[in-house]
Structures are given as structure tokens and as C-alpha cells.
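Naming: A, B, ... by sequence-line order, numbering from 1 per chain. Side chains are part of it too, since the values below use all heavy atoms of this structure and drop only hydrogens, waters and symmetry mates.
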Number of protein chains: 2
Amino acid sequence: MIEPAPDTVDEGFVLEAAAPDLRRAIELLFFAYRDFTGEADRLLERYGFGRAHHRVIYFVGRHPGISVSGLLDILKITKQGLSPVLGQLMRDGFVVGRPDRVDRRRRRLYLTEEAQALERQLTARQSTRLAAAFACAGPEAADGFTRVLEAMVAADDRHRVAPAPPTEGPLSVP
Amino acid sequence: MIEPAPDTVDEGFVLEAAAPDLRRAIELLFFAYRDFTGEADRLLERYGFGRAHHRVIYFVGRHPGISVSGLLDILKITKQGLSPVLGQLMRDGFVVGRPDRVDRRRRRLYLTEEAQALERQLTARQSTRLAAAFACAGPEAADGFTRVLEAMVAADDRHRVAPAPPTEGPLSVP
DNA sequence: CAATTTATGTCAGCAACGTTGACATATATG
DNA sequence: CATATATGTCAACGTTGCTGACATAAATTG
């Protein structure tokens with residue numbers, strides 16, 4: 001008999017069936033996220049990279065000069081987990097690390113030209129897919145999509161996301 | 001020098017910087033999905049299960065009597081990849097397989113009572129988080145969220161998602 | 001200056017989740 | 001009977017993580 005830790009007893013709602021629209025959203029999220037990442041995965045394969053490499057390329061490109069520990073904070077993985085991925089990217093000439101001028105313990109990470117080009121391709125692919133979905137669902141839906149995602153990310157990660165661009169278009173009715 | 005396969009040359013748009021709102025949505029999707037799945041992961045740990053077990057429990061619960069190959073079609077993994085996960089679930093008494101009456105090669109899979117209870121807990125957790133985000137972002141945003149996800153899933157997977165529940169509430173203005 | 005803390009790197013061992021390829025078995029179908 | 005299908009299993013391997021232990025260089029602090 002498997003015995004889950006009897007700590008949180010505040011789950012009396014557990015036996016309720018989930019609302020159909022919530023259950024549907026859960027399923028959609030699974031399929032949509034898989035298709036979304038699969039898009040980029042196929043491009044990364046050509047370089048011998050995986051999804052972990054993509055994340056490093058993305059966030060180093062997003063925060064040029066980020067330190068290793070800064071990257072670890074964003075990715076929420078250990079340095080031992082990052083090590084082979086970052087090592088391969090540096091050996092392959094996609095990421096370079098230069099010591100910080102004032103604190104020479106820190107290594108500031110940058111993308112090479114080649115990596116920047118790859119990042120643009122990856123982001124362009126995902127943007128294209130997302131833009132198609134936005135176009136299909138309409139601008140109000142796109143706005144709602146983003147707002148729900150914002151509400152979903154944990155407070156610890158909120159500040160890491162780019163600030164919302166100034167609203168423009170049909171929604172800014174002054 | 002790494003050399004990507006020079007097949008698709010139709011990517012001239014690649015050098016364009018992605019629109020800020022699209023880039024923002026990409027980031028949000030990464031953080032939101034990670035937080036969303038992490039929620040369930042912590043519960044699964046108590047049982048010695050991982051995310052792969054979750055997916056099997058979810059889809060067997062969603063399609064009682066599904067065959068092994070039907071499950072593989074949904075998950076898009078190989079039977080060798082499924083084998084240890086499904087094997088553990090069956091040994092632990094969470095999934096049972098009974099031969100189909102007419103075609104006895106096929107094994108129809110079902111959740112046990114215990115697994116159904118676990119599935120309800122997992123789905124309830126995720127529903128709660130999603131419902132909170134929906135409440136925070138508002139019903140129109142929730143609707144837009146779902147519509148964008150629908151547009152994102154590949155056509156091959158569309159039919160696997162539960163049909164949209166009949167619209168009710170403020171959006172059905174007759 | 002000496003001691004400690006911080007940032008980073010590295011080695012070993014392990015686990016989850018997936019892959020390809022090869023082969024086996026039972027059943028269905030022509 | 002011959003072939004195709006559904007499933008299972010074994011072996012080898014790869015990616016992406018984990019924990020624990022230890023090393024080094026540089027900064028900070030007493």
C-alpha cells in the first residue's frame with residue numbers, strides 16, 4: 001500500500017470532478033506546448049543541440065553578459081546540470097565567457113554571431129507559430145492568452161519576464 | 001565549422017527581430033508551463049512517479065479501455081519508451097489491462113480506484129492553479145487563452161482534445 | 001595579513017525518460 | 001497456411017537532470 005505523506009489535508013475539494021473547460025485547457029496546454037517546442041527541437045537537432053541548449057541560447061541572448069549563477073537562477077537547475085550543456089555550447093563556439101572587469105570571479109556570458117543567428121531562427125520559428133495562432137484566434141484572444149500566462153507564472157519568476165509592450169491597436173481605446 | 005542542412009532556404013524572415021509581444025509570449029509560456037507541471041510533479045513524487053506516469057494516468061483515465069497503441073499514438077513515444085512506465089503502473093496497481101473481447105491481441109487499459117483518486121487529485125491541483133489564473137485575468141482572457149491554445153495544437157492532435165463545452169455566461173449574447 | 005565567503009568548475013554516481021534495432025509471441029485475417 | 005498486427009522484451013545508448021564531494025581563484029571581512 002503506497003502511502004502519500006499525510007501533510008496537506010486541505011484537499012477536500014479533491015474528489016470533485018474538474019470543470020470541463022479547465023480539463024480541456026489542461027489537455028490543450030499539453031498538446032500545444034509539445035507541438036510548440038517540437039518546432040524548435042527539429043532545428044536544434046541539426047546542430048546536435050537539445051532543448052537545454054535552446055534555453056541557454058535563449059536566455060544568454062536575452063540577457064547578454066549574464067553570469068553563470070544568474071543563468072542557473074532563471075533555469076532553476078544546478079550547475080552540474082548546466083555544465084555539460086554550457087560546455088558544449090562554448091566548445092562549439094556558440095557561447096563565450098569573459099570575466100567581469102570588477103569582479104573577476106564572475107564570468108559574463110555572450111552569444112557569438114553564429115549563436116545569435118541561430119537564436120533568431122529559433123525565435124522566428126516559434127514566433128511564426130504563435131503569430132499564426134494569434135491571427136487565427138483574434139487579437140482579443142491573443143491578449144487574453146498573454147494575460148492568463150502572466151497570472152500563471154509564479155511570483156518568483158514574474159520579474160524575469162519582459163515587461164508588457166505598450167498597448168497599441170484596437171484595445172487601446174482612449 | 002558546424003553546418004546546418006541547407007535544405008529550407010525559405011527562411012529569409014529569419015533575420016527580423018521577433019515582435020516584442022511574441023517574444024514575451026514565448027517567455028511566458030516557458031515559465032508558466034514549468035510552474036504548471038511542477039505543481040503535479042511534487043504530488044507524483046510521493047508515489048515514486050514522474051511526469052511520464054502522470055501522462056499515462058491522465059490519458060488512460062480520459063479514455064478508459066484505450067489500447068496500448070492508442071496510448072502511444074497520443075503520447076507520441078515508442079512502446080519501448082512506454083514500457084517501463086506502464087509496467088511500473090501495472091505492478092503498483094494503478095493500471096490494469098484486460099484483453100479486448102473480440103480482438104484478444106489488444107489490451108484495454110483501465111485505471112484502478114486508487115489511480116482514479118490520484119488522477120482527480122492531480123487534475124484538481126492543476127485546475128485550481130488554472131482557475132486562479134482565469135479568475136485573475138478575467139473570463140474573456142480565459143476564453144482567449146483557450147482559443148489560442150486550440151489554434152496552436154497541430155491538426156493531427158485536434159481531434160484528441162475534448163470538444164469545447166457549450167458556451168455559457170457573459171460571452172453568449174444571443 | 002589571515003580567515004572566510006563567493007563564483008565557478010569538475011569528478012563520480014545515479015535516475016527518469018526517451019531513442020533505435022532486433023527479436024519473440026499470440027492472435028487475426030487473407 | 002501465410003502474412004499482418006498488437007504487444008512485449010532485451011540491449012545499448014543519449015539527453016537532461018540530480019546529489020555529494022572537492023578544488024581553485026578572487027573578493028570580502030575581521
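Aromatic rings of Tyr58(B) and Phe30(A) (six-membered ring for Trp) have centroids beyond the 6.0 Å cut-off, not under it.
Between the side chain of Arg34(B) and the main chain of Leu75(A), a donor-acceptor pair closer than 3.5 Å is present. A distance-only check finds no donor-acceptor pair linking the side chain of Glu39(A) to the backbone of Gln126(A) [under 3.5 Å].
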Legend entry - Derivation of the side chain to side chain contact (heavy atoms under 4.5 Å, CB included) call for Phe94(A) and Val60(A): CA-CA 10 Å; Phe94(A) 282 73; Val60(A) 172; over 6 Å; no

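dT9(D) atom P lies 10 Å from atom CE of Met90(B), rounded to whole Å. One interatomic measurement links the two molecules: CZ of Arg51(B) to C1' of dG17(D), which rounds to 11 Å at whole-angstrom precision. Atom CZ of Arg106(B) is separated from atom C1' of dT7(D) by 11 Å (rounded to the nearest Å).
Between Asp100(A) atom CG and Arg108(A) atom CZ the span is 4.5 Å, to the nearest 0.5 Å. Taking CG from Leu43(B) and CG from Leu118(B), the interatomic distance works out to 5.5 Å, rounded to the nearest 0.5 Å.
A nucleotide of DNA chain C counts as in contact with chain B when one of its atoms lies under 4.0 Å from a heavy atom; the first and last such, 5' to 3', are dC17(C) to dA28(C).
When heavy atoms are screened at a 4.0 angstrom cut-off, Arg108(B) is found touching no nucleic acid atom at all.
A salt bridge links Arg24(B) to Glu150(A): one of the charged nitrogens lies within less than 4.0 Å of a carboxylate oxygen.
Looking at Phe145(A) and Leu29(B), their side chains come closer than 4.5 Å, going by heavy atoms from C-beta outward.
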Polar atoms only, N or O, under 3.5 Å: list the protein pairs with nucleotides 27-30 of chain D and their distances.
| from | atom 1 | to | atom 2 | distance (Å) |
| --- | --- | --- | --- | --- |
| dA27(D) | OP1 | Val102(A) | O | 3.2 |
| dA27(D) | OP1 | Arg104(A) | N | 3.0 |

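Between Phe59(A) and His63(A), the angle of the ring planes stays under 30°, which puts this pair in the parallel group of the 30/60° scheme.
Under the 6.0 Å distance and 45° angle rule, Arg129(A) does not count as a cation-pi partner of Phe36(A).
Scanning residues 69-87 of chain B for heavy-atom distances under 4.0 Å to DNA chain C yields Lys76(B), Ile77(B), Thr78(B), Gln80(B), Gly81(B).
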